[in-house]
Amino acid sequence: MLLLLSRQVSLSFVKQVIPRSPVLFSKPASLNLRTFKFKVTFSTVFANATIQNIITMPERRPFVRLPTDVYPVNYGLCLKPDLIDFTFEGKLDARIEVVQGTNQIVMNCADIDIITASFAPEGGEEISATGFNYQNEDEKVTLSFPRVLQKGSGSLKIDFVGELNDKMKGFYRSKYASASGEIRYAAVTQFEATDARRAFPCWDEPAIKATFDISLIVPKDRVALSNMNVIDRKPYPEDDSLVEVKFATTPIMSTYLVAFVIGEYDFVESQSSDGIMVRVYTPVGKAEQGKFALEVATKTLPFYKDYFNVPYPLPKIDLIAIADFAAGAMENWGLVTYRETALLIDPKNSCSSSRQWVALVVGHELAHQWFGNLVTMEWWTHLWLNEGFASWIEYLCVDHCFPEYDIWTQFVSADYTRALDLDALDNSHPIEVNVGHPSEVDEIFDAISYSKGASVIRMLHNYIGDEDFRKGMNAYLLKFQHKNASTEDLWDCLEQASGKPIAAVMNSWTKQMGFPIIVVDQEQQGEDRVLKISQKKFCASGPHNGEDCPSWMVPISICSSEDPACTKMKVLLDQPETTVTVPNISPEQWVKINPGTVGFYRIQYSSAMLESLLPGVRDLTLLPVDRLGLQNDLFSLARAGMISTVEVLKLMEAFVNEPNYTVWSDLSCNLGVLSSLLSHTDYHEDIQEFIRDLFTPIGLKLGWDSKPGEGGPQGPGSGHLDALLRGLVLGKLGKAGHKPTLEEARRRFKDHVEGKQILSADLRSPVYLTVLKHGDSTTLDTMFKLHKQADMQEEKNRIERVLGAISAPDLIQRVLTFALSEEVRPQDTVSVIGGVAGSSKHGRKAAWKFVKDNWEELHNRYQGGFLISRLIKLTVDGFAVDKMAAEVKSFFESHHAPAAERTVQQCCENILLNAAWLKRDAEDIHQYFLQRKAPPV
Ligand code: BES
Ligand code: ZN
């Protein structure tokens with residue numbers, strides 16, 4: 001491992017790389033790509049004018065795809081990582097096809113130094129390349145040959161060296177401690193979207209598929225894994241501490257799905273009923289913690305095989321937990337990599353939300369093995385096909401494996417409402433978006449591709465019906481397997497299968513950004529109810545009122561109080577307005593639009609219709625998902641200035657008898673947004689009181705301890721959901737300063753710390769949060785100690801995410817310093833800083849200052865990482881003063897983060913919307929709180 005120094009210009013390792021974009025939002029134990037539930041915003045015409053002044057759309061960076069005159073057929077790739085020096089040597093022997101005579105080969109290449117390169121035509125003489133011209137900005141290299149390479153097959157050989165970087169992308173090193181506490185490193189990969197080029201020179205575009213023959217030269221005591229099974233393992237002749245491990249040839253595949261891992265791991269294994277060998281690799285000594293994921297994976301593979309009616313094509317699949325990992329998980333074909341917290345479950349120390357999260361992530365990544373790996377998007381513009389689809393079907397899969405999770409209701413709160421919030425911004429983007437440069441590709445791993453993608457697929461599935469949807473899916477997978485496809489290809493197959501105008505309907509959802517607000521009014525005509533339905537674009541600052549209002553093809557379902565779960569009528573709204581006659585509805589019945597909250601739109605009912613629906617919230621006759629949807633719609637209408645926030649607060653009080661976890665969770669999230677908004681005022685305490693009053697009855701009903709064998713408020717068999725609800729409610733009460741909750745939390749915390757009575761995993765987050773919120777430096781020291789002692793990453797993350805709740809300014813500063821310390825894994829720093837920003841007024845200011853002061857280090861740490869977008873959003877999205885939008889904008893004008901450009905624009909827009917919301921409604925809210933407190937006269 002010599003050669004790094006001897007290279008001509010070894011500039012690639014010092015090159016400034018481009019950060020990637022937002023992948024945002026912390027679910028219980030992990031990070032995922034579906035944006036933070038930041039429900040900010042609104043504005044008036046006045047605020048709009050301000051937004052226009054501040055926000056300018058990002059410029060597109062120049063970009064050209066690779067030339068098509070040469071393409072790879074097979075990559076023979078041998079890599080020899082050095083886990084001490086953090087370098088690697090590589091040898092590529094690729095079978096390529098020259099389509100048109102040329103004396104140049106252009107490939108992707110970044111942070112790699114080529115030592116030698118040559119081409120040998122089949123049966124002909126080898127020609128050495130005479131120049132390697134690196135185009136660093138474009139992440140390409142041009143190999144120049146002294147003669148023209150003639151049309152036909154040949155072999156391209158390249159020797160190269162690279163660095164095992166610490167940026168969690170490409171071929172990188174991941175730190176861990178051995179059983180004896182010694183620090184060691186594993187060598188691992190993360191190639192999506194455009195980082196395979198950092199491990200070997202290649203044609204790094206999803207449509208340029210080839211087969212791979214991979215060999216790894218590794219220390220003989222290390223585990224070496226790749227996409228395929230091992231076919232040979234032999235001593236390495238030059239060094240007897242090493243072995244050469246050879247893997248079977250892969251199917252034809254895209255470069256972003258290639259993976260290798262070299263490190264120390266244990267595993268558990270099992271065979272799925274369809275004969276696939278499944279292994280879950282864990283840190284040494286923690287094999288037990290792989291069992292839950294193993295069980296989910298072995299159930300999931302046959303589920304997908306059956307759903308798609310296409311078998312999994314590889315002989316094995318490994319799921320492996322990687323200590324330093326930027327995303328939540330990555331679907332590499334046959335070797336899926338995960339954050340530890342997205343894969344490992346300890347029966348005693350993992351909480352219910354972690355189990356659910358692991359199930360969802362496993363379901364998501366395994367779906368990609370078909371949808372993404374077998375059939376791949378033609379270009380990144382169609383990324384949403386991969387991510388939107390996997391983000392939808394993961395719920396189908398979890399619903400199959402764990403019906404008791406009621407996961408589809410959770411979808412509405414976790415994905416659907418989030419997507420609506422983001423997509424209401426002027427700085428949203430269409431699902432299908434033209435992208436070129438890697439920083440633009442990175443930017444679209446966001447809630448539009450994931451959550452809006454999943455939501456429109458859910459709407460489509462509902463519109464088509466499961467049977468035809470599956471038929472179309474199967475046709476699509478069979479037609480395009482081992483190939484590439486675009487959005488249109490999927491619509492064609494679904495159109496064929498269903499006979500419905502799928503392309504026409506779906507283009508209106510994927511090619512234009514935003515979504516409609518459906519305005520409904522009713523009239524009783526004899527036995528019938530006549531509905532007047534119209535659509536306008538919904539914006540976070542109110543409905544679009546201009547001339548050129550876009551419109552959508554909107555599948556609309558209608559139900560009535562006769563059977564709230566049953567769709568009485570379906571129409572396709574394909575014009576700005578229409579009239580629908582629903583037969584046989586008596587005058588006292590209510591009529592509701594969008595039962596199940598499946599259609600991707602907001603609804604504005606006439607006052608009379610809304611009045612008639614509200615009792616259904618209190619008496620629970622509306623379905624949980626519809627109670628949730630109604631509340632969420634009204635909240636967003638309030639933010640948009642279409643109704644008063646006081647109306648929503650009144651509605652929230654009607655939820656006092658609510659038994660459902662997800663309904664509470666969504667409500668609680670919106671109250672969190674309001675609370676954060678009101679932290680800019682002098683009556684922040686009033687909303688804490690409102691929260692305490694609202695959550696006390698359900699808190700009393702649940703109590704602190706689960707009652708074994710007994711169904712809680714959510715009915716029999718709801719242990720999982722009761723555990724989630726208990727954690728949510730106690731955390732909310734504790735944070736809002738509910739005295740009995742605080743006292744009990746302190747008592748239980750003391751017993752926990754003293755080892756008298758260990759807190760159950762589900763109670764830890766709410767207890768930690770409560771004691772920190774009302775704690776002092778001793779509490780913080782104790783939490784730091786618990787963090788240090790924690791053996792599981794889940795526990796460390798749990799603590800990291802609540803540290804920001806501490807109130808005293810000097811202690812907040814200590815938390816921020818801790819965020820950048822060695823104690824916190826690089827991917828988790830953002831949630832510590834984000835926790836500070838999200839917890840209080842002072843925290844928000846301190847976190848922003850900290851980010852500005854440490855910008856260089858943070859930016860450098862996540863070079864090219866979407867984590868920087870997430871950090872920006874978490875830190876600044878909660879501001880609600882106009883001048884902060886200007887300050888944020890100006891900071892990022894002088895501190896570039898190319899892949900976070902859109903996020904910065906969205907944040908500035910949110911800040912202005914918050915400011916306008918506050919100006920408009922704050923006084924009314926204040927009066928409402930005063931009235932609530934006033935004794936009745
Ligand atoms: N393909 C992504 C991983 C990825 C994310 C690659 C960002 C490059 C950039 C993977 O399938 C994924 O979506 N992972 C999610 C988890 C999922 C359950 C939403 C993630 O990493 O959060
Ligand atoms: Zn995915």
Side-chain angles (χ1 to χ4, degrees), residues 18-36 167-170 189-196 198 204 206 254-259 293 296 300 319 322 325-333 335-343 354 356-373 376-377 380 382-398 407 410-411 414-415 418-419 435 438-454 457 827 830-831 862 864-870 899:
I18 304 119
R20 80 161 50 117
S21 185
V23 174
L24 311 171
F25 131 117
S26 235
K27 280 234 183 148
S30 191
L31 156 81
N32 105 2
L33 295 156
R34 297 174 210 151
T35 215
F36 238 78
K167 309 293 179 215
M168 299 184 282
K169 56 191 252 172
T189 56
Q190 170 59 43
F191 289 167
E192 193 180 15
T194 56
D195 292 324
R198 287 168 214 282
D204 199 10
S254 308
T255 45
Y256 81 90
L257 293 166
V258 171
V296 177
T300 295
L319 293 75
I322 307 289
F325 197 79
M330 174 65 210
E331 70 266 26
N332 316 297
W333 215 354
L335 175 55
V336 186
T337 43
Y338 295 80
R339 273 191 185 198
E340 289 184 359
T341 47
L343 192 68
S354 293
Q356 181 178 301
W357 179 235
V358 167
L360 284 167
V361 182
V362 170
H364 178 106
E365 305 308 337
L366 294 191
H368 278 314
Q369 307 301 307
W370 285 261
F371 215 95
N373 301 6
T376 311
M377 70 251 141
W380 297 109
H382 307 283
L383 170 77
W384 86 276
L385 269 187
N386 263 13
E387 298 305 350
F389 186 82
S391 301
W392 170 76
I393 205 166
E394 69 183 67
Y395 284 85
L396 199 69
C397 164
V398 168
I407 203 72
Q410 297 194 52
F411 175 91
D415 284 277
R418 246 169 221 144
V435 284
S439 65
E440 288 169 1
V441 176
D442 290 339
E443 203 165 21
I444 59 167
F445 284 84
D446 67 358
I448 295 298
S449 301
Y450 279 74
S451 299
K452 184 178 178 184
I457 287 173
Q827 68 267 25
V830 278
S831 43
Y862 303 125
F866 47 76
L867 289 169
I868 203 81
S869 279
R870 178 176 185 233

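Computed from heavy atoms alone, side chains included, the values below leave out hydrogens, waters and symmetry copies. Start at 1 and go down the list; that is how both ligands and their atoms are numbered.
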For ligand 1, which atoms sit closer than 4.0 Å to a heavy atom of Met330?
1 (N), 3 (C), 6 (C)
Only one of Thr337, Val358, Val362 clears side chain to side chain contact (heavy atoms under 4.5 Å, CB included) with Leu319; which?
Val362
I want to know if ligand 1 touches Glu394 in the polar sense, i.e. an N/O pair below 3.5 angstrom.
no
Which part of Ala329 is near ligand 1, with near meaning a heavy atom under 4.0 Å away: side chain, backbone, both or neither?
backbone
Which ligand 1 atoms, with their elements, are less than 4.0 angstrom from a heavy-atom of His368?
11 (O)
Among the N/O/S atoms of His368, select the one at the shortest distance from the Zn ion (ligand 2) and name it.
NE2
Under a 3.5 Å distance rule, please check whether Asn332 uses its side chain to pair with a backbone N or O of Leu335 as donor and acceptor.
yes
For atom 4 (C) of ligand 1, which of His364, Glu192, Glu365 has the closest heavy atom?
Glu192
Kindly assign one of parallel, tilted or perpendicular to the pair Phe445 and Trp380, based on the angle between their ring planes and the thresholds 30° and 60°.
tilted
By ring-ring contact (aromatic ring centres under 6.0 Å, His included), His382 pairs with (sequence neighbours left out) none
With heavy-atom distances below 4.0 Å as the criterion, list the atoms of ligand 1 near Ala327.
5 (C), 21 (O)
Mind checking whether Tyr395 and Phe411 have parallel, tilted or perpendicular rings, split at 30° and 60°?
perpendicular
Whether Asp446 side chain and Ser449 backbone form a donor-acceptor pair below 3.5 Å:
yes
From the Zn ion (ligand 2) out to just under 2.8 Å, does an N/O/S atom of Glu387 turn up?
yes
Are Glu331 and Asn386 close enough, and set up right, to give a side chain to side chain contact (heavy atoms under 4.5 Å, CB included), and what steps lead you there?
CA-CA 11 Å; Glu331 70 266 26; Asn386 263 13; 4.2 Å; yes
Is the closest heavy atom of Arg339 to ligand 1 under 4.0 Å?
no
Numbered in order shown, the ligand 1 atoms found under 4.0 Å of a heavy atom of Gly328 are 20 (C), 21 (O), 22 (O)
Under 30°, 30 to 60°, or over 60°: which ring-plane class applies to His368 and His364, parallel, tilted or perpendicular?
perpendicular
Sub-4.0 Å atoms of ligand 1 with respect to non-hydrogen atoms of Gln190
6 (C), 8 (C)
